Novice: 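Following this message is one structure expressed as structure tokens.
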Amino acid sequence: MATNLEDKKISKNFIELIVEEELAAGKNGQRIHTRFPPEPNGYLHIGHAKAICLDFGIAENYQGKCNLRFDDTNPTKEDVEFVDSIKEDIHWLGYDWEGREFYASDYFGKLYDFAVELIQRDLAYVDDQNSEAIASQKGTPTEAGTFSPYRQRTVAENLDLFQRMNAGEFAEGSRVLRAKIEMSSSNMHMRDPIIYRIIFTPHHRTGTTWKVYPMYDFAHGQSDYFEGITHSLCTLEFVPHRELYDWFVNQLKTDDYAPRQIEFNRLNLTYTVMSKRKLLQLVQTGVVDSWWDPRMPTLSGLRRRGYTPESIRNFVDKIGYTKYLALNDISLLESSIREHLNQIATRVMAVLNPLKVVITNYPEGQSEELDTPNNPEAPETGNRMIPFSREIFIEKDDFMENPPKGYFRLFPGGEVRLKSAYVISCHDFKKNAETGEIEEIYCTYDPETKSGSGGIQKKVKGTLHWVSAPHAFKAEVRLYDRLFMDENPDGHKDKDFTEFLNPDSLKIMPNCMLEPSLKTADLSQKFQFTRLGYFCLDSMYSTTESLVFNRVVGLKDSWTKQQKG
RNA sequence: UGUUCGAUGGUGUAAUGGUAGCACUGCAGAUUUUGGUUCUGCCUGUCUAGGUUCGAAUCCUAGUCGGACAACCA
């Protein structure tokens with residue numbers, strides 16, 4: 001059968017192979033239906049993007065459907081705030097659920113009825129013990145559990161009690177409903193799992209209608225079943241839940257159809273943490289400014305940082321789906337965004353650490369407009385004019401009084417080309433006698449070397465970026481580095497992940513000088529600051545009066561690497 | 001001393017019994033008005049031991065190592 005996959009890539013992941021086998025066998029009438037089931041208790045991160053791409057991607061590639069279903073079975077943790085951000089992030093990534101927006105809470109009635117049915121079939125009972133007592137009877141992975149003293153209650157008594165639990169007659173934690181399965185199962189999840197608990201916190205959608213709420217295991221598979229899901233894709237830690245998932249579905253099903261749970265490896269990235277709890281901790285302790293801080297691996301953070309949805313989808317496609325617990329190198333993510341931004345970013349000039357250069361043979365008060373390409377990788381984007389004058393700024397790093405071997409930039413007696421302008425040579429400089437700091441440098445330019453003029457093709461080693469001092473405007477630029485200094489910050493048993501926080505993950509550069517065209521920059525644009533990296537406007541701190549730019553990622557820099565080397 | 005899932009270069013991922021390939025990283029070199037891009041080359045791999053087979057990364061057995069599992073979380 002023809003799939004959209006075939007013209008995209010050659011190799012398929014193990015889930016696609018399963019799907020194709022089932023399709024070939026005619027399972028479920030060759031229907032493919034997945035779901036993305038976030039819990040609305042936090043912001044989506046790039047690990048969720050991996051799941052989203054799989055869930056929606058499988059549907060897309062096999063002419064199927066993918067539902068969005070909020071797994072909102074725990075009102076004490078969930079909130080509408082997160083529902084909206086989750087929907088926004090999925091759309092931003094480029095996926096759509098075509099109106100099939102569901103909630104586990106949509107099924108509270110059906111789930112309650114199913115629980116009642118299980119009680120009637122003597123497959124569920126009300127347990128009056130507290131959580132400690134229940135836990136102690138659970139046994140351990142190597143020892144069987146023991147029966148609850150309430151396991152043999154009559155159907156009538158269970159029915160009455162469960163109804164009264166939901167009526168609010170009993171305190172939170174005083175009673176639970178348990179499935180009656182097998183206390184000696186080698187799978188802990190099968191040892192009479194709790195399926196309903198009493199919660200009085202109002203639910204974000206159903207308010208105070210319910211006093212009992214289903215547990216994940218009692219809601220997820222059944223919700224899949226109600227929605228006609230064929231493939232319920234989740235992460236590896238749910239492998240032991242599958243037996244229970246199937247058990248409930250088998251009690252529920254009336255024909256051949258049953259959803260199938262398949263587990264894949266979650267995303268781990270070097271130099272970052274991915275758990276919602278830890279990300280929340282970073283927000284609450286003020287390490288970052290919000291869930292959408294540009295250093296966060298959240299989709300909102302990556303978006304603010306300047307990552308494109310294309311680059312994230314591309315990255316996810318490259319790391320693949322397996323059952324191996326992998327730790328993916330962050331450099332692969334960085335290469336994905338560089339690859340995309342290299343194609344689409346407008347090349348502009350910005351100087352982060354300005355050093356004034358006076359071109360002593362350029363007439364005072366004169367200026368001119370020079371032609372420069374917007375993006376050499378995309379010639380169709382055309383050219384624009386940039387102003388040039390007697391005084392310009394270059395990067396402090398681009399001048400050295402005593403340069404080391406292999407330094408291609410400016411030094412006394414040396415010459416360089418100014419990008420899209422002229423070749424200049426340095427004949428003098430001013431140095432602060434006390435601090436030793438270079439304050440100003442003096443150069444002459446060669447009018448014959450104007451870029452694109454067809455004049456003298458002088459060969460110089462280096463080309464520098466620059467801005468015209470009287471035309472440039474000041475802006476703030478924020479440079480980001482990885483949040484953690486350890487490759488696997490939460491992979492140490494004896495050390496807390498916060499011990500590895502990088503104190504230099506944010507560097508604010510308040511006095512950058514930018515070329516005038518950047519004054520009208522907007523949030524939709526991506527830039528390459530020539531020779532520096534990729535940048536975009538910051539959506540939180542930028543105002544029309546004072547612009548703030550974020551560095552998405554630096555350019556590859558073999559010079560710095562060589563120096564440190 | 002349980003159950004269960006897994007193991008292919010530094011990292012991630014292909015090869016579905018028939019030439020171990022790709023991407024990232026790293027290292028060289030070429031090109032370049034970005035020390036970017038692009039191009040070329042190089043480095044490095046089937047956890048171990050048996051077995052099945054003409055042939056094993058792939059199948060079988062045992063071992064080693066790693067993960068998950070004892071929330072009224074999802």
Side-chain angles (χ1 to χ4, degrees), chain A residues 9-14 17 37-39 41 71-74 76-78 104 127 130-131 134-136 138-145 172-178 185-189 191 194-199 213 215-217 219-220 234 236-243 263 265 270 276-277 318-336 338-339 342-343 347 349 372-373 376-377 406-409 416-421 423 449 451-452 457-465 487 528-533 554-562:
Chain A
K9 56 176 181 178
I10 308 104
S11 66
K12 292 163 181 151
N13 64 50
F14 78 101
L17 292 178
E39 183 188 14
N41 70 342
D71 226 331
D72 56 349
T73 57
N74 187 349
T76 64
K77 292 191 172 180
E78 294 143 9
D127 195 325
N130 60 28
S131 58
I134 292 174
S136 70
K138 266 241 150 131
T140 69
T142 54
E143 299 164 76
E172 285 185 344
S174 64
R175 284 182 168 84
V176 291
L177 184 69
R178 290 226 257 169
S185 170
S186 61
N187 183 342
M188 300 288 292
H189 296 277
R191 320 237 269 223
I194 293 170
I195 57 178
Y196 264 96
R197 74 287 213 195
I198 300 168
I199 297 175
Y213 290 88
M215 298 286 288
Y216 166 85
D217 285 311
H220 202 94
C234 61
L236 251 22
E237 63 269 30
F238 289 98
V239 168
H241 294 248
R242 190 172 63 233
E243 192 180 354
E263 311 84 9
N265 61 343
T270 54
K276 277 189 205 170
R277 203 202 93 234
K318 285 184 201 170
I319 58 174
Y321 299 87
T322 66
K323 303 179 84 160
Y324 174 72
L325 207 105
L327 178 60
N328 291 276
D329 197 330
I330 190 90
S331 67
L332 187 58
L333 213 211
E334 292 176 347
S335 86
S336 295
R338 282 198 191 98
E339 184 184 9
N342 180 48
Q343 301 302 315
R347 271 59 170 178
M349 303 241 248
T372 192
E377 303 294 323
Y407 187 78
F408 299 164
R409 310 175 190 181
V416 293
R417 170 168 289 283
L418 295 175
K419 172 78 182 165
S420 295
V423 171
T449 58
S451 289
Q457 297 298 310
K458 201 176 255 185
K459 275 283 175 197
V460 289
K461 273 280 199 190
T463 299
L464 306 186
H465 62 280
E487 192 172 72
Q528 183 194 105
F529 288 4
T530 302
R531 296 212 302 138
L532 296 175
L555 254 25
K556 274 210 250 176
D557 181 1
S558 50
W559 170 244
T560 306
K561 200 182 287 174
Q562 181 186 327

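No experiment lies behind these values; they were computed from the predicted model shown. Protein chains get the first letters and strands the later ones, always in sequence-line order, with residue 1 at the start of each.
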Novice: What integer distance in Å separates A:Leu236:CG from B:rA7:C1'?
Specialist: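 Those two atoms, CG and C1', are 13 Å apart.
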Novice: Of all the choices, B:rA14, B:rG35, B:rG12, which nucleotide is nearest to the side chain of A:Thr322 once you look at every atom?
Specialist: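 Taking heavy atoms from C-beta onward, the closest nucleotide is B:rA14.
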Novice: Could you let me know what B:rG2 is paired to, Watson-Crick or G-U wobble, both distances under 3.5 Å, or none if it's on its own?
Specialist: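 Across all strands, the one nucleotide that pairs with B:rG2 is B:rC69.
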Novice: Would you call the rings of A:Tyr216 and A:His241 parallel, tilted or perpendicular if under 30° counts as parallel and over 60° as perpendicular?
Specialist: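 Because their plane-to-plane angle is over 60°, the rings of A:Tyr216 and A:His241 count as perpendicular.
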Novice: Would you kindly give the CD-to-P distance between A:Glu334 and B:rU25, to the nearest whole Å?
Specialist: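 After rounding, the reported distance stands at 9 Å.
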Novice: What interatomic distance, in whole Å, is found between C1' of B:rA49 and the corresponding atom of B:rA28?
Specialist: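 Taking atom C1' in both B:rA28 and B:rA49, they lie 40 Å apart.
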Novice: Whom does B:rA56 pair with, Watson-Crick or G-U wobble, provided both distances fall under 3.5 Å?
Specialist: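 Result: none.
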Novice: Mind calculating the distance between CE (A:Met188) and C1' (B:rA71) to the nearest angstrom?
Specialist: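 Answer to the nearest Å: 11 Å.
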Novice: Rounding to the closest angstrom, what is the interatomic distance between B:rG21 and B:rU33 at atom P?
Specialist: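 Nearest-Å result for B:rG21 against B:rU33 at atom P: 37 Å.
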Novice: Using Watson-Crick or G-U wobble geometry with both distances under 3.5 Å, which nucleotide pairs with B:rA7?
Specialist: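 Pair assignment: B:rA7 / B:rU64.
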Novice: Tell me the interatomic distance from A:Asp329, atom CG, to B:rG12, atom P, rounded to whole angstroms.
Specialist: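 Going from A:Asp329 (CG) to B:rG12 (P), I get 9 Å.
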Novice: Do A:Arg531 and B:rU34 have a side chain to base donor-acceptor pair shorter than 3.5 Å?
Specialist: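 No.
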Novice: Please state whether the base of B:rU38 and the side chain of A:Glu377 form at least one donor-acceptor pair under 3.5 Å?
Specialist: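 Donor-acceptor pair under 3.5 Å: no.
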Novice: Write down the partner of B:rG36 under the Watson-Crick or G-U wobble criteria, each distance required to be under 3.5 Å.
Specialist: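 By the stated definition (distances under 3.5 Å), nothing pairs with B:rG36.
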Novice: If you assign each of A:Ile194 and A:Lys556 to its closest nucleotide in RNA chain B, which residue comes earlier from the 5' end?
Specialist: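 Of the two residues, A:Lys556 wins.
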Novice: Are A:Asn187 and A:Ser185 linked by a side-chain donor-acceptor pair shorter than 3.5 Å?
Specialist: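 Judged by distance alone, the side chains do not pair up.
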Novice: Find the distance A:Glu143:CD to B:rU3:C1' and express it as a whole number of Å.
Specialist: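 The answer, rounded to whole Å, is 14 Å.
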Novice: Using a strict cut-off of less than 4.0 Å between a Lys/Arg side-chain nitrogen and an Asp/Glu carboxylate oxygen, indicate whether A:Lys77 and A:Glu39 qualify as a salt bridge.
Specialist: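 No, this pair does not count.
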Novice: Tell me whether A:Tyr324 and B:rA7 count as stacked here, given that the ring centres must be under 5.5 Å apart and the planes must differ by less than 30 degrees.
Specialist: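 No, A:Tyr324 does not stack on the base of B:rA7.
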Novice: When you measure only distances, ignoring hydrogens and angles, does the side chain of A:Arg338 come within 3.5 Å of the base of B:rU37 through a donor and an acceptor?
Specialist: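 Checked by distance alone, the answer is no.
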Novice: Specify the separation, in whole Å, of atom CG of A:Asn187 and atom P of B:rC69.
Specialist: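 So the two atoms are 12 Å apart, to the nearest Å.
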Novice: Which of the following nucleotides, B:rC24, B:rC73, B:rG12, is nearest to the side chain of A:Ser331?
Specialist: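 Side chain of A:Ser331 sits closest to B:rC24.
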Novice: Quick one: which of B:rU3, B:rU37, B:rC24 gets closest to the side chain of A:Leu332?
Specialist: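 It is B:rC24.
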Novice: Is the aromatic ring of A:Tyr216 within stacking range of B:rA74, meaning centres under 5.5 angstrom and planes under 30 degrees?
Specialist: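 Taking the rule of under 5.5 Å and under 30°, the ring of A:Tyr216 does not stack on B:rA74.
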Novice: My understanding is that a pair needs two contacts under 3.5 Å, Watson-Crick or G-U wobble. By that rule, which nucleotide pairs with B:rA74?
Specialist: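 Answer to the pairing question: none, since B:rA74 forms no Watson-Crick or G-U pair.
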Novice: So among A:Thr449, A:Val416, A:Val423, which one has a side-chain contact (heavy atoms from CB on, under 4.5 Å) with A:Val460?
Specialist: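 That would be A:Val423; it is the only one of A:Thr449, A:Val416, A:Val423 passing the side-chain contact (heavy atoms from CB on, under 4.5 Å) with A:Val460.
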Novice: Could you work out which one of B:rG35, B:rG36, B:rC24 sits closest to the side chain of A:Tyr407?
Specialist: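 The listed nucleotide nearest to A:Tyr407's side chain is B:rG35.
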Novice: Using Watson-Crick or G-U wobble geometry with both distances under 3.5 Å, which nucleotide pairs with B:rG12?
Specialist: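 Its partner is B:rC22 (Watson-Crick or G-U wobble, both distances under 3.5 Å).
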Novice: Please check if any side-chain donor atom of A:Arg531 sits under 3.5 Å from a side-chain acceptor atom of A:Thr463, or the reverse.
Specialist: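 The answer is no; no qualifying pair exists.
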Novice: Kindly point out which of B:rG26, B:rG35, B:rC72 is positioned nearest to the side chain of A:Lys561?
Specialist: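 Nearest to the side-chain atoms of A:Lys561, counting from C-beta on, is B:rG26.
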Novice: Which listed nucleotide (B:rG36, B:rC72, B:rC69) is nearest to the side chain of A:Val176?
Specialist: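 Nucleotide nearest to A:Val176's side chain: B:rC72.
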Novice: A:Ser420 side chain to A:Thr372 main-chain N or O, any donor-acceptor pair under 3.5 Å?
Specialist: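 Checking the backbone N and O of A:Thr372 against the side chain of A:Ser420, no donor-acceptor pair under 3.5 Å is found.
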Novice: Between atom OH in A:Tyr196 and atom C1' in B:rA74, what is the gap in whole Å?
Specialist: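 Whole-Å distance recorded here is 16 Å.
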Novice: Of all the choices, B:rG35, B:rA14, B:rU34, which nucleotide is nearest to the side chain of A:Asn13 once you look at every atom?
Specialist: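 Closest nucleotide among those given: B:rA14.
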Novice: Taking the same atom, C1', in B:rC5 and in B:rC72, what whole-Å distance lies between them?
Specialist: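 Each nucleotide's C1' atom is 28 Å from the other's.
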Novice: Which sits closer to the 5' end of RNA chain B, A:Glu78 or A:Ser451, going by the nucleotide each is nearest to?
Specialist: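 On the 5' side of the pair lies A:Ser451.
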Novice: Considering all heavy atoms of both residues, which atom of A:Thr140 and which atom of A:Arg191 are nearest to each other, and what is their separation?
Specialist: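 Minimum heavy-atom separation between A:Thr140 and A:Arg191: O-NH2, 2.6 Å.
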Novice: My understanding is that a pair needs two contacts under 3.5 Å, Watson-Crick or G-U wobble. By that rule, which nucleotide pairs with B:rG17?
Specialist: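 By the stated definition (distances under 3.5 Å), nothing pairs with B:rG17.
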